[in-house]
Every structure is written in C-alpha cells, then in structure tokens.
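Structure, as structure tokens:
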Amino acid sequence: MAGPSPGQALPATLKHDIVAMALEHGFDAVGFAPAALSTDARAGLEGYLRAGFHGDMGWLGARAEARSAPRTLWPEANSVIVLGANYAPMGDPLAGLDQPHHGNLSVYARGADYHDVLKGAVKRLARALIQRHGGDVKVFVDTAPVMEKPLAQAAGLGWQGKHTNLVSREFGSWLFLAELFTTLDLPPDTPHDDHCGTCRNCLDACPTKAFPAPHQLDARRCISYLTIEHKGHIAPEFRAAMGNRIYGCDDCLAVCPWNKFAKASREARFAAHPGREAPTLAALAGLDDPGFCQLFAGSPIKRIGRDRFVRNVLIAIGNTRDPALKDIAVQRLDDTSPLVRAMAVWALARLVEPGDFTALREARIEAEPDIDVRREWTSPFRVTGL
C-alpha cells in the first residue's frame, strides 16, 4: 500500500496525529518501535524452538529467521506502528468454569473473529495514514511471522508478563495486537519496563503446569494449544485438568492483578455472541459439520473444524462424571472421526460403571478400525482415574 512521498521534514506532531487517527479507528493503545528486534527477543525465540516448546506448531520454526528480523518481511520498513485493541470482558472470565455441564470458551473466541475486526480497522487506518502523511505501509494482524509481543514492549504498550503474554498498566492482559510496518521514519517510544515484580499468580493458576519457569511457556502442556492447535489425540495426563475448557484457556490471563485497571471493551463485536455464551455440552457434542459451521460462523473457533472441537467437548463431558450424559457419549462411538470416537471412549470410562464399560468394549472393539481408538478401549486410564 503506497502513497505520495512525505516532505523532507516530518512535522513535529506526526506521532501525535497518528495516535489520534488510530484511536479514531477503534484502537485503544498505540506505540512506535524500530523495525528490528532486541537481542534478547531473538535469543528467546531460539531457545523456545530449541527446547521444542512449540510442539506441533512447525510454522514457528519454519520461518524463524523472518520472525526474528522484521525487515526480512519488508526491507523498506523503517518503523513499526504497534496497535492494541482492548477485548476485556464485562464479567469474570472464569465464571464459566463453575458450570461443568456447559462449555467454557476463551474470552477472545466468544465474539467475532478478531482477525477480521482488526484487519478492517488497520486497513482503514493505513489508507488514512497514506493520504495524510504519505509513505508506504504493510499491514499485519497475526497472519505473518511477526513477533508481536516483543514489538509491543519495544513500542511501550506493555511488557511480556511471566505468562509470556503482553501486560498493560491500562488494559491488563486483554490486548489484541496488530502492526503497521511503514517507510516513515518515526522516533521510537521508550520500551516498557517489566512490572510483574514477585507476583506469580499466572504461573500458579495454570491447570496443567505449562510454565517451566517465569517467562517460559511449554505449549505442549498448554490447554490453549491442546484444544486449538493440536491436531491429534490429547494426552490422558491433561484431560482431567481441562475441566470444561473446550476452546482455549484464560486462567493465566484472568488472574493477572493488572486486570483491575481494565475496563470492558468498547468494541461491541468482541462481546459474547448469544449462541456461544455458556453453550451446553450435550448440544455441542451433537454438532455435525453444517451445524458446527453455522454456530461458529464468523468465529475463530470455526478454524479448528468440527472434529477437534467435538473431541474437546467429549473430554469436558467425561469431566462432568455425570452418568446422565452417557447416551451422548455412546452416540459418538459411531462417529466418522477417530478423534471423536476415542474421546467418547474416554468419557464413557468416567460416566459408567466398570462392568458397563467392559460390556461396551466387548461389543465394540473388534469392529473398531482405528488403532488409537482401540488403545483407548484398553488403556489403564479407567483404573488410574486420569
């Protein structure tokens, strides 16, 4: 996206004007960073990949060089305008965990897909910026190998907390991020200092102990990763800890003390969609592909597909320990997806008496074509209670 070249001398009020423009276009925080990352940020990425903390997310390693050097994406970039959009919920984000028969969705996924909302706003801002001040720009909204959080810290929007997410004095842990790379040479803001102090609320809140140390996240143990990014079967050791978290996990974000300064988002599209607020597990387990796509149209949840989603729902059903949900799980034993059938087996092991489970196994296992589902039928988890 390009416009007329600016004059030799940029006006002293240029940054103030860009901030005002960004706020007018719906953003809540704006900062300016150089189109480069610190040595610490680059080393952090290398260490993360070397430890294998990225799990199945091979795309993180595939473009690691571009991710650690913004100008690899666009050599002409001089500055990065980092934009934040507040998505803080109106109520307690963890309240749904007390409703085991209902699915708990991560706050960011309860409304419209933030990618779509922010991309439109950033593009409109980009056009306005070019019209007024010239230069070239490129827009990024979590769709390219951009290390958003280190850039946001360099731009003064906040700091990376011990949970590795951005923390803001004004918005707590509830900021979506987007970036405008620009050829304009804008003086960078002062990088934000870390204000976590001795607090470790986020580390202690993690249900699966996914933080090996402060500022380190092992995604392979993270419920957000397991329910969203992970394409295969979820390991038995994490299933009980998932509770009714069927898409993402907000525990580490929600307990951050800096959230006390956050006000509810002014963007109505981030508010919970009526059909996605505390949906019942029984209804969600019965979704077929068309029903899933209809319910989650315009939602980021749609990206993981029906099979992975129902996999997560069945784990939550098993965690209710409610025998009244037995028939729901039995129906899913005939599902076309091995992911779903396997978790239907696991759920039944927690919903029915051992003798009833044995009878189901004897009636089903010989006809089961998938080796992983067969392993679920014979796994010792129903003895250990995992």
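What's counted below: heavy atoms across the whole structure, side chains too, no hydrogens, waters or symmetry copies. This one's a predicted model, so the numbers in the text were calculated from it and none came from an experiment.
Inspection of the His215 and Thr164 side chains reveals no N or O donor paired with an N or O acceptor under 3.5 Å. Inspection of the His195 and Arg169 side chains reveals an N or O donor paired with an N or O acceptor under 3.5 Å.
Listed here is the closest heavy atom pair of Leu186 and Leu14: CD2-CD2, 3.3 Å.
Counting heavy-atom neighbours within 6.0 Å of Lys263 NZ, excluding the residue itself, gives a total of 12 or less. Within 6.0 Å of CD on Gln294 lie no more than 12 heavy atoms contributed by other residues, nucleotides or ligands.
Trp74 places a side-chain heavy atom less than 4.5 Å from the side chain of Asp136. Side-chain contact between Glu76 and Arg71 is absent, with no heavy atoms from C-beta onward closer than 4.5 Å. Using a 4.5 Å cut-off on side-chain heavy atoms (C-beta onward), Val310 and Leu339 make no contact. No side-chain heavy atom of Phe176 sits less than 4.5 Å from a side-chain heavy atom of Asp142. Between Phe309 and Leu287 the shortest side-chain heavy-atom distance falls below 4.5 Å. Between Ile130 and Val137 the shortest side-chain heavy-atom distance falls below 4.5 Å. Side-chain atoms of Arg311 and His230, non-hydrogen and from C-beta on, do get closer than 4.5 Å to each other. Looking at heavy atoms from C-beta onward, Asn244 lies out of side-chain contact with Asn319 at the 4.5 angstrom threshold.
Side-chain N or O atoms of Arg374 include one that pairs as donor or acceptor with a backbone N or O of Ile365 at under 3.5 Å.
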**Request:** Begin with the C-alpha distance, continue with both residues' side-chain angles, and end with the deciding distance and a verdict on salt bridge (Lys or Arg N to Asp or Glu O under 4.0 Å) for Arg245 and Asp250.
**Result:** CA-CA 9 Å; Arg245 300 169 184 84; Asp250 291 325; over 6 Å; no

**Message:** Is there a side-chain hydrogen bond (donor to acceptor under 3.5 Å, both in side chains) between Ser173 and His163? Walk through the geometry before answering.
**Reply:** CA-CA 10 Å; Ser173 289; His163 53 18; 3.0 Å; yes

**Request:** Given salt bridge (Lys or Arg N to Asp or Glu O under 4.0 Å), test Arg341 with Asp370 step by step and report yes or no.
**Result:** CA-CA 9 Å; Arg341 295 199 303 275; Asp370 186 86; 5.1 Å; no

**Request:** Would you sort out whether Arg375 and Asp372 count as a salt bridge (Lys or Arg N to Asp or Glu O under 4.0 Å), showing the intermediate values?
**Result:** CA-CA 5 Å; Arg375 285 195 186 109; Asp372 290 318; 2.9 Å; yes

**Prompt:** Could you walk me through whether Lys209 and Asp218 pass the salt bridge (Lys or Arg N to Asp or Glu O under 4.0 Å) check?
**Reply:** CA-CA 9 Å; Lys209 308 303 177 190; Asp218 185 347; over 6 Å; no

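In the hydrophobic clustering of ILVMFWY residues, with side-chain heavy atoms under 4.5 Å counting as a link, Leu73 and Val80 come out together. A continuous path of hydrophobic side-chain contacts links Leu314 to Leu348 [ILVMFWY only; heavy atoms under 4.5 Å]. In the hydrophobic clustering of this structure, Leu166 does not group with Val255; members are Ile, Leu, Val, Met, Phe, Trp, Tyr whose side-chain heavy atoms approach within less than 4.5 Å, directly or through other members. Side-chain heavy atoms closer than 4.5 Å link hydrophobic residues (I, L, V, M, F, W, Y) into clusters, and following such links, even through other members, never connects Phe171 to Leu94.
Between Tyr247 and Tyr108, the ring planes lie tilted relative to each other; the angle falls in the 30° to 60° range. Note: Trp159 and His192 have tilted aromatic rings, judged against thresholds of 30 and 60 degrees for the angle between ring planes. Using bins of under 30°, 30° to 60° and over 60° for the plane-to-plane angle, the ring pair Tyr87/Phe270 lands in the perpendicular bin.
Counting only residues at least two apart or in different chains, salt bridge (charged side-chain N to carboxylate O under 4.0 Å, His left out) contacts with residues 326-336 comprise Arg306-Asp335, Arg332-Asp335, Asp334-Arg364.
Salt-bridge annotation for Arg239 and Glu376: present, with a side-chain N of the basic residue lying under 4.0 Å from a carboxylate O of the acidic one.
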